[in-house]
Every structure is written in C-alpha cells, then in structure tokens.
Enquirer: 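Sharing a structure with you now.
FYI, the numbering just counts along the sequence from 1. Just so it is clear, the values below take in all heavy atoms, side chains as well, and ignore hydrogens, waters and symmetry mates.
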Amino acid sequence: MGEWDGMAKAAKAITIDDLQRMAMRRLPKFIGDYIETGAGDGGTATRNINAFRQFKFVPRSLVKVTPVDTSVTLFDQTYAAPFGISAVGMTSIYRRGADWILAEVAREANIPFILSGAASAPLEEIIRIAPDHTWFQMYVSKLDQVNLDVIRRGRQAGVKVLVVTVDYPIPNVSQVAARTGISMASGPTVRTFPKLAVDALRHPVWTAEFLRSGGMPLLGSWARYAPSGSRQKEISQYYIQNWCRNIDWHDLEAVRREWPGRLVIKGVVHPQDVSRALSLGADAVTISNHGGNKLDTMQASIDSLISNIDDEQPEKPLFLDGGIRRGSDIAISLALGAKFCFFGRPTLYGVTAGGKPGAQRAVEILKSELAYTMAMIGAPDVSSIRRAKVTR
Ligand SMILES: Cc1cc2nc3c(=O)[nH]c(=O)nc-3n(C[C@H](O)[C@H](O)[C@H](O)COP(=O)(O)O)c2cc1C
C-alpha cells in the first residue's frame, strides 16, 4: 500500500485499534515494538487498557442531552474536550514532522498538546504553530544552567503550562528488546544488522522516508546545549549523559521556585507522593505509569486514580493518562474523579499511519465516542459526567 492510500485509509479509521494496526503495518517491527511493548513483559501497558473494560455505567434516562457539550475549562482556558495529547519523545522516528503535525491538530481541535522534553521539534517552533495549546514537558537535567535556560525559554516563548515528568530513576528495560537484541536505544550491531535491514526492507515506505530525511531525528530543544558542531548522535549522547533520571523532591521544589506559571507533575501515583506534589505547589498531578513503560507490575492508571480519590477532597486536581483507547475510557476516568485525561499512543498511531489526517481522525474518534457515551449516560456536559454512576 502506498503512502497516499495509507493516509486515506487512516482518515477513515473507525477505532483507535484500527489506527494502531495501520501504524504497526507501516513501521519495521523493532520500531513498532518500541511504541508497544512497555517495560518488562508489558504487563502494565496491557493492564492500563484492560482495566477500563471492568467498569460499567448505570445511565440516567429522560435527560435532555442534545446537543452534548464536551467543552471544559482548565487553567482559565476553555478546551473543546476534557482531553489532550501527551508528551511523546522523538516522534519524527515514526513519522517525519510528527510534533509539528500534532501541534497543528491540537490547535485546530482546541485541545492541549504536551511537547516532550525529548521532542524532535524545538519548543519555539511548536509555540509558533500552537501558541495557546502547547504545554511543555521538562526532563530535569543534571546541569542547573540547562534547567534554568529551559525554564527561561518556556517563559519567553509564552508556555502556559509546564509539565515535569517523573518516570524512571534508572533506565527502563523491555524484555522484548532484550530477547531480540534489537532495540532503537542500542542501535544496530554487527550481529543485529542483518535482521534489522530485512525488517526495514519489508517496510519500504517508512524506510525511504527515514533515509530521505537523514536518519535519526535531532533532539530539537536540546541540540543547543551540546558542544558546538555536535551531530545527531553526539547530541543524543550528551542528553542521556546529563539527564537527571533520579530526581527527588528538592529538584521539583527548585522547578517550582523558578517557574511562575502553571505546573503539572506527571508520573507520581502513590497517594502520599501525590499529596506532597500538590502541597509543594503543583497545580495538578497526572496519574501516570508512563504508558506501562516503567515497570510491568504496576497498577493500571485508572486503579491508581481510584486510590487517590477520597471523599474529603473530591476536587483534587488529578489528571490521568494510560490505556485510553475509547471515548468511554475518558468518561469513566472523569466519572471516577479525574479532571482531565491525556493519551500518548492513540495520536501517535494516527500520525504514524496517516500523517495529519490520521492524527485528526484519532482525536475525532475519541471525541465522538466521548460525546456518544455522554448522551447515552444522560450527561449533557462534562460536569454531569462527574455525577455519573459507575460500577465494577
Ligand atoms: C513511545 C513513547 C514515548 C514517550 N515519551 C515520553 C516523553 O518523552 N515524555 C513523557 O513525559 N512521557 C512520554 N511517554 C509517556 C506518555 O506521555 C504517556 O504517559 C503514555 O503514553 C500514556 O499511555 P498511553 O500511550 O496508553 O496513552 C512516552 C510514551 C511512549 C509510548
């Protein structure tokens, strides 16, 4: 199937699962595995999705639900839906220009787009495309001057929301990558090259695009910090060397002191950590296990959300990501107490399979499924989802 056929097909996908299959067909297996498999044996990534299937609505009837209103106000801004696109690093590997495309899609759909701290695109370029919809995700560096500069650039560019990700204190490990010996992180070796080349040749559309645009993409926002004259590989190595994986509360406090705008902490799940993050001045916490990429024996995100909801503080500013594949998953999350949801893979599948039309389709699918669920449970607007009855 050619590129244009693929795009046209993606634009007509019916579900996010359709887009996932199309995206995986376009990518060599070792690249697709990087998106899909999650840490260890992938248990948490799968659990995130399956956990949503255990919840059932008890709908209200005889409610005027037309037209359904999916809009919501968050941090003084009204968005078209209670969801946004989460940070995904190095998206240009999967589809050249994906960060730029996703920013445009978010602006047109009026939803937030979190630009990854390990993005292919520089922050300043994305802000120009979507000034009112770009949130910026920061990975804390070991270099204070870099952290201060990243924060300065965010302020100068007009970023309204800074997201600090707390993910892996040590490098994460996937059993799939370990077994095959082929991984994007380790790159080809003499032993793995033949397998990798065959895999790439079986996916000529992706491979042609990858080679035509110069191979591995740059880390757009980081390139300026590496020694001058550094090329893609040196920039990535410099980034990894100076990435402060094992951040602690002092690091978060330092960011809070320097960043005057809205601050979201993404990736803490234990109720004591969530409370501490909120009390150090975070405006919200995203309950996230990094899409299952951290540890294969974690609770599903939706279960971590439930562990953090208590009747005494029903208005806790908690967002959720992980496992959202249907609009009803968003409705379930809101009914159980999330204020907003994010997803990583759904729009990544869309943009990989079908460029801009594919990413737009992913957003449309989730929005129309959410609106459908709202109508069927008797929730004409987002605040009424919060009163919906859900059983397990
Ligand atoms: C391939 C891939 C790359 C990711 N890169 C980042 C990143 O750079 N920064 C970040 O905060 N989270 C990153 N995440 C995690 C996502 O932001 C999000 O937490 C996760 O994808 C949510 O799960 P879902 O994919 O099931 O929606 C990444 C996830 C994937 C799958």
Enquirer: Locate the shortest heavy-atom distance separating S230 from A226; write the atom from each residue and the value.
Expert: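 What the structure gives for the nearest pair is OG-CB, 3.7 Å.
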
Enquirer: Could you check V269 against D273 for side chain to side chain contact (heavy atoms under 4.5 Å, CB included), going step by step and ending with a plain yes or no?
Expert: CA-CA 7 Å; V269 293; D273 292 341; over 6 Å; no

Enquirer: Using modelled atom types and a 3.5 Å cut-off, is there a donor and acceptor pairing between side-chain atoms of T347 and backbone atoms of A359?
Expert: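 Flag not set: sc T347 to bb A359 has no pair under 3.5 Å.
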
Enquirer: Begin with the C-alpha distance, continue with both residues' side-chain angles, and end with the deciding distance and a verdict on salt bridge (charged side-chain N to carboxylate O under 4.0 Å, His left out) for R47 and D296.
Expert: CA-CA 9 Å; R47 198 171 304 116; D296 54 3; over 6 Å; no

Enquirer: Looking only at the side chains, is there a donor atom on one of R96 and S213 sitting less than 3.5 Å from an acceptor on the other?
Expert: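 Short answer, yes.
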
Enquirer: Checking side-chain hydrogen bond (donor to acceptor under 3.5 Å, both in side chains) between Y349 and each of R26, E36, R361, which is the one that passes?
Expert: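 That would be E36; it is the only one of R26, E36, R361 passing the side-chain hydrogen bond (donor to acceptor under 3.5 Å, both in side chains) with Y349.
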
Enquirer: Is there a donor-acceptor pair under 3.5 Å between the side chain of W222 and the backbone N or O of Y225?
Expert: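 Such a contact is absent between W222 side chain and Y225 backbone.
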
Enquirer: Can you name the closest pair of heavy atoms from C244 and K142 and give their distance?
Expert: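 Heavy atoms only, the tightest pair is CB-N, 3.7 Å.
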
Enquirer: Within a radius of less than 6.0 Å around CZ of R107, do more than 12 heavy atoms belonging to other residues, nucleotides or ligands occur?
Expert: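 Enclosed: over 12 neighbouring heavy atoms sit under 6.0 Å from CZ of R107.
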
Enquirer: Flag yes if L148 and I247 sit in one hydrophobic cluster, no otherwise; membership is Ile, Leu, Val, Met, Phe, Trp, Tyr, and two members link when side-chain heavy atoms are under 4.5 Å apart.
Expert: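 Not linked; separate clusters.
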
Enquirer: Under 3.5 Å, is there a donor-acceptor pair between the S141 and N147 side chains?
Expert: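 Distance-only check fails for S141 and N147.
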
Enquirer: Is there a side chain to side chain contact (heavy atoms under 4.5 Å, CB included) between F113 and I111? Walk through the geometry before answering.
Expert: CA-CA 7 Å; F113 166 60; I111 57 170; over 6 Å; no

Enquirer: Hey, does P82 have a side-chain heavy atom less than 4.5 Å from the side chain of I330?
Expert: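 Side chain of I330 against side chain of P82, heavy atoms only: contact under 4.5 Å found.
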
Enquirer: Is the backbone of R231 close enough, under 3.5 Å, to the side chain of E234 for a donor and an acceptor to pair up by distance?
Expert: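 Answer holds: yes.
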
Enquirer: Test your reading of the model: is there a side-chain donor-acceptor pair from S333 to the backbone of A338, 3.5 Å cut-off?
Expert: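 Not confirmed, S333 side chain does not pair with A338 backbone.
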
Enquirer: Check for a donor-acceptor pair, side chain of H270 on one end and backbone N or O of Q272 on the other, with a separation under 3.5 Å.
Expert: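 Yes; at least one donor-acceptor contact below 3.5 Å.
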
Enquirer: Treating K316 as the side-chain partner and N308 as the backbone partner, does any N or O pair qualify as donor plus acceptor under 3.5 Å?
Expert: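 Here the side-chain-to-backbone pair exists.
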
Enquirer: What is the ring orientation for F342 with F319, classed by angle as parallel under 30°, tilted 30 to 60°, or perpendicular over 60°?
Expert: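 Ring orientation, 0 to 90° scale: tilted.
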
Enquirer: Spell out, as yes or no, whether a donor-acceptor pair under 3.5 Å connects the side chain of S92 to the backbone of G97.
Expert: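 Side chain of S92 to backbone of G97, a donor-acceptor pair under 3.5 Å: yes, one is there.
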
Enquirer: For M90 and S116, run side chain to side chain contact (heavy atoms under 4.5 Å, CB included): C-alpha distance rounded to whole Å, both residues' side-chain angles, the deciding distance at 0.1 Å, then the answer.
Expert: CA-CA 8 Å; M90 299 286 274; S116 163; over 6 Å; no

Enquirer: Can you find a side-chain donor-acceptor pair between N246 and Y168 that sits under 3.5 Å?
Expert: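 No, Y168 and N246 have no side-chain donor paired with an acceptor closer than 3.5 Å.
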
Enquirer: CZ of R326: more than 12 outside heavy atoms within 6.0 angstrom?
Expert: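 12 or below, so no.
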
Enquirer: Spell out, yes or no, whether L336 and M376 are grouped together once hydrophobic residues are joined by side-chain heavy atoms under 4.5 Å, including indirect joins.
Expert: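 Shared cluster, no.
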
Enquirer: Considering residues, nucleotides and ligands other than R202, do more than 12 of their heavy atoms fall under 6.0 Å from its CZ?
Expert: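 Not buried by this count: 12 neighbours or fewer within 6.0 Å.
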
Enquirer: So which atom in P28 and which in A200 form the shortest heavy-atom distance, rounded to 0.1 Å?
Expert: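 Looking at all heavy atoms of both residues, the closest pair is CG-CA, 4.2 Å.
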
Enquirer: F52 and I302: which non-hydrogen atoms are nearest, and at how many Å?
Expert: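 What the structure gives for the nearest pair is CE2-CD1, 3.8 Å.
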
Enquirer: For a 4.5 angstrom cut-off between non-hydrogen side-chain atoms, does V264 reach W135?
Expert: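 They are in contact (side-chain heavy atoms under 4.5 Å apart), so the answer is yes.
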
Enquirer: Can you confirm whether K29 is buried at NZ, in the sense that more than 12 heavy atoms of other residues, nucleotides or ligands lie under 6.0 Å from that atom?
Expert: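 No, NZ of K29 has 12 or fewer neighbouring heavy atoms, counting only those of other groups under 6.0 Å.
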
Enquirer: So if you build clusters from Ile, Leu, Val, Met, Phe, Trp, Tyr with side-chain heavy-atom gaps below 4.5 Å, do I240 and L143 land together?
Expert: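 Same cluster.
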
Enquirer: Show your working on salt bridge (charged side-chain N to carboxylate O under 4.0 Å, His left out) between R155 and E258 and close with a plain yes or no.
Expert: CA-CA 10 Å; R155 285 165 76 164; E258 295 299 329; 5.4 Å; no

Enquirer: Is there a donor-acceptor pair under 3.5 Å between the side chain of T37 and the backbone N or O of Y34?
Expert: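 Flag not set: sc T37 to bb Y34 has no pair under 3.5 Å.
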
Enquirer: With respect to D321, which candidate in R345, K266, H290 satisfies the side chain to side chain contact (heavy atoms under 4.5 Å, CB included) definition?
Expert: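 So, applying the side chain to side chain contact (heavy atoms under 4.5 Å, CB included) to D321 and each of R345, K266, H290, only K266 qualifies.
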
Enquirer: Just do the salt bridge (charged side-chain N to carboxylate O under 4.0 Å, His left out) check on R256 and D251 with the steps written out, would you?
Expert: CA-CA 9 Å; R256 179 65 289 182; D251 298 306; over 6 Å; no

Enquirer: Could you check whether T15 and D17, counting side-chain N and O atoms only, form a donor-acceptor pair closer than 3.5 Å?
Expert: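 No.
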
Enquirer: In the single-linkage hydrophobic clustering (I, L, V, M, F, W, Y; side-chain heavy atoms under 4.5 Å), do I332 and I49 co-cluster?
Expert: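 Not linked; separate clusters.
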
Enquirer: Which one of L278, L74, D283, V285 satisfies the side chain to side chain contact (heavy atoms under 4.5 Å, CB included) criterion with P317?
Expert: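 Between P317 and the candidates, side chain to side chain contact (heavy atoms under 4.5 Å, CB included) is satisfied uniquely by L278.
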
Enquirer: Output yes when R262 and D76 qualify as a salt bridge under the 4.0 Å nitrogen-oxygen rule, no when they do not.
Expert: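 Salt bridge flag = yes for D76 with R262.
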
Enquirer: Is any side-chain heavy atom of D149 closer than 4.5 Å to one of R152?
Expert: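 The answer is yes; the side chains approach within 4.5 Å.
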
Enquirer: Using modelled atom types and a 3.5 Å cut-off, is there a donor and acceptor pairing between side-chain atoms of K56 and backbone atoms of R53?
Expert: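 Present.
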
Enquirer: Show your working on salt bridge (charged side-chain N to carboxylate O under 4.0 Å, His left out) between D18 and R21 and close with a plain yes or no.
Expert: CA-CA 5 Å; D18 293 342; R21 281 187 289 273; 2.7 Å; yes

Enquirer: Treating Ile, Leu, Val, Met, Phe, Trp and Tyr as nodes and any side-chain heavy-atom pair under 4.5 angstrom as an edge, say whether I114 and F75 lie in one connected cluster.
Expert: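 Same cluster.
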
Enquirer: Would you kindly say whether S383 and D381 are connected by a side-chain donor-acceptor distance under 3.5 Å?
Expert: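 Yes - a donor-acceptor pair under 3.5 Å links their side chains.
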
Enquirer: In the structure I gave you, are the side-chain heavy atoms of N242 and V146 within less than 4.5 Å of one another anywhere?
Expert: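 No, too far: nothing below the 4.5 Å cut-off.
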
Enquirer: Between H203 and L27, is there a donor-acceptor pair closer than 3.5 Å when you use the side chain of the first and the backbone of the second?
Expert: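 Indeed, once roles are kept as given, a pair shorter than 3.5 Å links the two residues.
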
Enquirer: Quick check on L211: does its CG atom have over 12 non-hydrogen neighbours (other residues, nucleotides or ligands) under 6.0 Å away?
Expert: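 Yes, enclosed.
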
Enquirer: Taking atom types as modelled and ignoring hydrogens, do the side chains of S71 and T78 form a donor-acceptor contact shorter than 3.5 angstrom?
Expert: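 No, no side-chain donor-acceptor pair sits under 3.5 Å.
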
Enquirer: Between P346 and I324, what is the shortest heavy-atom contact and its length?
Expert: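 Smallest heavy-atom distance, with atoms named: CG-O, 3.2 Å.
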
Enquirer: So T373 and F57, do their side chains get closer than 4.5 Å, heavy atoms only?
Expert: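 When only atoms from C-beta onward are counted, T373 and F57 do touch, with a gap below 4.5 Å.
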
Enquirer: Is the distance from the ring center of F83 to that of F340 below 6.0 Å?
Expert: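 Distance test on ring centres: not under 6.0 Å, no.
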
Enquirer: Establish, yes or no, whether a centroid distance under 6.0 Å links the rings of W243 and Y238.
Expert: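 When the ring centroids of W243 and Y238 are compared, they turn out to be at least 6.0 Å apart.
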
Enquirer: Does any part of the side chain of V68, heavy atoms only, come nearer than 4.5 Å to the side chain of P380, both counted from C-beta?
Expert: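 No, every pair of side-chain atoms sits at 4.5 Å or beyond.
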
Enquirer: Any luck finding a side-chain donor-acceptor pair between S236 and Q232 under 3.5 Å?
Expert: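 Yes, a side-chain donor-acceptor pair sits under 3.5 Å.
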
Enquirer: Quick one: are M216 and I93 in side-chain contact, heavy atoms under 4.5 Å?
Expert: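 Answer yes - side chains close enough.
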
Enquirer: So which atom in F55 and which in I306 form the shortest heavy-atom distance, rounded to 0.1 Å?
Expert: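 Nearest heavy atoms, F55 then I306: CZ-CD1, 3.7 Å.
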
Enquirer: Evaluate the side-chain proximity of I14 to I365: yes if any heavy-atom separation is below 4.5 Å, no if none is.
Expert: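 No, every pair of side-chain atoms sits at 4.5 Å or beyond.
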
